[in-house]
Each structure stands twice: as C-alpha cells, then as structure tokens.
Amino acid sequence: MSNEVHAVGDKVEPGSVDTVLESVAMENGVAAKRSPVKDLKVVFVLGGPGSGKGTQCAKIVDTFGFVHLSAGDLLRAEINSGNENGTMIQNMIKEGKIVPAEVTVKLLEKAMKESDNDKFLIDGFPRNLDNRKCFDEVTGIEPQFILFFDCPEDEMERRLLGRNQGRVDDNIETIRKRFKVFIDSSLPVVGHYEECGKVHKIDATKTPSEVFESIKPLFKHFKQTDSEIQVELVEAIKNHSIRSTPVAA
Ligand SMILES: Nc1ncnc2c1ncn2[C@@H]1O[C@H](COP(=O)(O)OP(=O)(O)OP(=O)(O)O)[C@@H](O)[C@H]1O
Ligand SMILES: Nc1ccn([C@H]2C[C@H](O)[C@@H](COP(=O)(O)O)O2)c(=O)n1
C-alpha cells in the first residue's frame, strides 16, 4: 500500500474516499496519510444467492491478502447496531429486496476508509444498476474485474436450505424472491461489465476446492512479491511501527 502523504487542501475527487479521509483529517487537525483512491484495488464478487461467494472470498483472503467486504454482512451489522436505518434494512432483507444504494455504499466506503489494506473483495455488490452508479459516483473506483459465480437455481436452493446460519432470508419463500431479484436486477449489472470485458465467469457447481483452483490464476497478479514485502517491512521499521525485540536465548 502506498504511504503517500497529502497535505490538507491537496486536490482530491469530490465525494471520494479521499474526500472523506481529508475531512476526517481536517477535523483532527492533521494531514491525511492514505493511498489515493485510484490505488485501491477492488474486485466485485457476484453470483446468485448461495452460489458460494462468501465461501470463496474466505479462501481468497487467506491466500491473497484481500479484505473481504460482504455488503450483506455490513447491512446485517447495521441492523444489529440499533442505528436508525436498522428496521428498514431488516424489512427489506426479509422480503429479499435491495436496500437503497446510498445506505450500502456509505457502509462500504466507511469500511474501506477504516482499513489499512488497499485490496478489497466486495461481495454481493453491486446488486443492481443503481448500486453500481452510486458506488462509481461516491468513490470513483473502477473495479479490476468481476468474479461471477455461475450456479443453477436448484443447487443454490439446496445449499441455502442447508446453510443453517439462522438467517431470516434462508427460507423457501424469501429464497424464491431473492432468485427473482437476482435475475431481474443483478444480472443486468453482470451484463454491463461483460460489455466492458471485465467478467470472469466461474463454474460454481464444483466442490469448494475445485472452484478455488479455477479462481486462483486470476489473483496471482495481486500476490505481493518477497521484495515488496521487504520494502514494506523496512519502511515500517523506519517509522518505528515495528520494534526489534531481542529473542530470548
Ligand atoms: N462449491 C460448493 N459446493 C457445495 N456447497 C457449497 C459450495 N460453496 C458453498 N457451499 C455451501 O453453500 C452455502 C452457501 O454458501 P455461501 O454462503 O458461500 O454462498 P453465498 O453466495 O455467499 O450466499 P449469499 O449470497 O446468500 O450470502 C453454505 O452452506 C456453504 O457451505
Ligand atoms: N448490495 C446489497 C447486498 C445485499 N443486500 C441485502 C439484500 C440481500 O438479499 C441481503 C443478503 O445479502 P447476501 O448476504 O445474500 O449477499 O442483503 C442489499 O440490499 N444490497
């Protein structure tokens, strides 16, 4: 991650993560230390409900050092936090509907802003064209590519009914609504990115390990080389953020 330091007042894109960081910095009377927005690497992870997005994201995080941001998890956390939007979000999720883009984008932007990482897997987003437009307007971030998990409905239904995580939307009535929303609202987003040549379609019907094997080549490019890791360590030591501790004999 770049540690470029910007003085308050440097030119930044309006409405971007940079702007938010800048204002936080100004509130605290310090110059913001952050990467320019264009340096953030974002991969959108799409696919029907139960296609295995979360399962694969966990593997990508472990192997390639991304931060996993699940839009659904962020919305569920918002319900549990008791914030003002909680009831509205809960009702929409129960109905399998898509929460207004401004709400979800705000949560994603906050999570990216609070992270030290610069590589994000954004899972279950953009769920519709409005999500996509709002994210673009607020952050200005163009995704590296889109990982699209392709899975037939009967297999997704079987997986969701067996998930057993106590989710209010993993019941047959809501699952059917979610499938319809996926076809009507989410597939057009995949279509948009297909036109841009950014979609990697993955056969999600195989075992989790086999699916991961087919994804790996797409992420090799993001793996830090040993020399990059060394440079970061030297920088960290120089900045006194890591202290050398004598090893006990
Ligand atoms: N390749 C696979 N084969 C069989 N079962 C799988 C596979 N991948 C995931 N599962 C199981 O299917 C269920 C749904 O997986 P997961 O939560 O990863 O899907 P998801 O796409 O993130 O779903 P949602 O969009 O509803 O959050 C889980 O119980 C998971 O263990
Ligand atoms: N961009 C998003 C993502 C999710 N939601 C809502 C509606 C979904 O049915 C629910 C669960 O999401 P999942 O965990 O299955 O990805 O959360 C939304 O409104 N907008």
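In what follows, residues are counted from 1 in the order of the sequence shown. Bear in mind that the values here come from a model prediction, so they are computed numbers and not experimental data. Just follow the structure's listing: the first ligand is 1, and inside any ligand the first atom is 1.
- The closest approach between any non-hydrogen atom of Ser51 and ligand 1 is below 4.0 Å.
- Looking at Arg178, Lys53, Arg163, it is Arg163 that brings a heavy atom closest to atom 14 (C) of ligand 1.
- The shortest N or O to N or O distance between Gly52 and ligand 1 is under 3.5 Å.
- With respect to atom 11 (C) of ligand 1, the closest heavy atom belonging to the protein is Arg159 CD, 4.3 Å.
- With respect to atom 5 (N) of ligand 2, the closest heavy atom belonging to the protein is Leu75 CD1, 3.4 Å.
- Numbered from 1 in the order shown, with element, the atoms of ligand 1 that lie under 4.0 Å from a heavy atom of Thr207 read 1 (N).
- Look at Leu160 and you'll find a heavy atom under 4.0 Å from some atom of ligand 1.
- No salt bridge links Glu102 with Lys106; every basic N to acidic carboxylate O contact stays at or beyond 4.0 Å.
- Met112 has its side chain within reach of Ile141: a pair of non-hydrogen atoms, C-beta onward, lies under 4.5 Å apart.
- Nearest protein neighbour of atom 7 (C) of ligand 2, counting heavy atoms only, is Lys97 O, 3.3 Å.
- When side chains are defined from C-beta on, Asn117 does not count as touching Phe66, because their heavy atoms never get closer than 4.5 Å.
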Working for ring-ring contact (aromatic ring centres under 6.0 Å, His included), residues Phe64 and Phe222: CA-CA 7 Å; Phe64 298 106; Phe222 294 104; 8.3 Å; no
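- Taking the side chain as every heavy atom from C-beta outward, Asp123 and His68 approach each other to under 4.5 Å.
- With Lys53 contributing its side chain and Gly48 its backbone, the two residues share a donor-acceptor pair below 3.5 Å.
- Of the protein's non-hydrogen atoms, Val99 N, 2.6 Å is the one closest to atom 19 (O) of ligand 2.
- Residue contacts with ligand 2, taken as heavy atom pairs separated by less than 4.0 Å, involve Arg167 solely via side-chain atoms from C-beta onward.
- Scanning for salt bridge (Lys or Arg N to Asp or Glu O under 4.0 Å) contacts around Lys94 gives an empty result, with sequence neighbours left out.
- If you take CG on Asp150 and CD1 on Ile202, they are separated by 10.0 Å, rounding to the nearest 0.5 Å.
- Summary of contacts: the protein heavy atom closest to atom 8 (C) of ligand 2 is Arg127 NH2, 3.5 Å.
- Taking every non-hydrogen atom of Gly72 and a distance limit under 4.0 Å, the qualifying atoms of ligand 2 come out as 12 (O), 14 (O).
- Glu157 places a side-chain heavy atom less than 4.5 Å from the side chain of Arg176.
- In terms of protein heavy-atom proximity, atom 14 (O) of ligand 2 is nearest to Arg76 NH2, 2.9 Å.
- Using a 4.5 Å cut-off on side-chain heavy atoms (C-beta onward), Thr174 and Asn171 make contact.
- The closest approach between Lys206 and ligand 1 falls below 4.0 Å for a heavy atom of the residue.
- Here Asp73 contributes atom CG and Arg76 contributes atom CZ; the two are 5.0 Å apart, rounded to the nearest 0.5 Å.
- A single hydrophobic cluster is not seen to contain both Leu160 and Phe182; linkage of ILVMFWY side chains at heavy-atom distances under 4.5 Å, directly or through other members, places them apart.
- Heavy-atom proximity to atom 16 (P) of ligand 1, evaluated over Thr55, Asp123, Asp203, is greatest for Thr55.
- Not one N or O on the side chain of Asn83 forms a donor-acceptor pair closer than 3.5 Å with the backbone of Gly86.
- Within ligand 2, the atoms closer than 4.0 Å to a non-hydrogen atom of Ile98 are 19 (O), 20 (N), numbered from 1 in the order shown.
- Expressed to the nearest 0.5 Å, how far CZ of Phe212 lies from SG of Cys57 amounts to 10.5 Å.
- The shortest heavy-atom distance from Lys53 to ligand 2 is not under 4.0 Å.
- In this structure, Gly50 has a heavy atom closer than 4.0 Å to ligand 1.
- Atom numbering of ligand 1 starts at 1 in the shown order; those under 4.0 Å from a heavy atom of Pro208 are 1 (N), 2 (C), 3 (N), 7 (C).
- Of the protein's heavy atoms, Arg167 NH1, 3.1 Å lies nearest to atom 27 (O) of ligand 1.
- Note: an N/O pair closer than 3.5 Å links Gly124 and ligand 2 by distance alone.
- In this structure, Tyr193 has its ring center at least 6.0 angstrom away from the ring center of Phe145.
- The distance from ligand 2 to the heavy atoms of Asn131 drops below 4.0 Å at these ligand atoms: 1 (N).
- Near Gly54, with a cut-off below 4.0 Å to any heavy atom, the atoms of ligand 1 are 18 (O), 20 (P), 22 (O).
- Taking a cut-off of under 4.0 Å to the non-hydrogen atoms of Phe125, the atoms of ligand 2 that pass are 1 (N).
- Ligand 1 lies out of reach of Gly124, whose nearest heavy atom is not under 4.0 Å from it.
- Residue contacts with ligand 2 for Met92 are absent, since no atom lies close enough (heavy atoms, distance under 4.0 Å).
- Residue Asp169 has at least one heavy-atom neighbour below 4.0 Å for each of these atoms of ligand 2: 11 (C).
- If you run ring pair (Phe, Tyr, Trp, His ring centres under 6.0 Å) between Phe44 and each of Phe149, Phe135, Phe148, only Phe135 comes through.
- Below 3.5 Å of separation, one finds no N or O of Thr104 facing any N or O of ligand 2.
- Counting atoms of ligand 2 from 1 in the listed order, those under 4.0 Å from a heavy atom of Ile93 are 6 (C), 10 (C), 17 (O).
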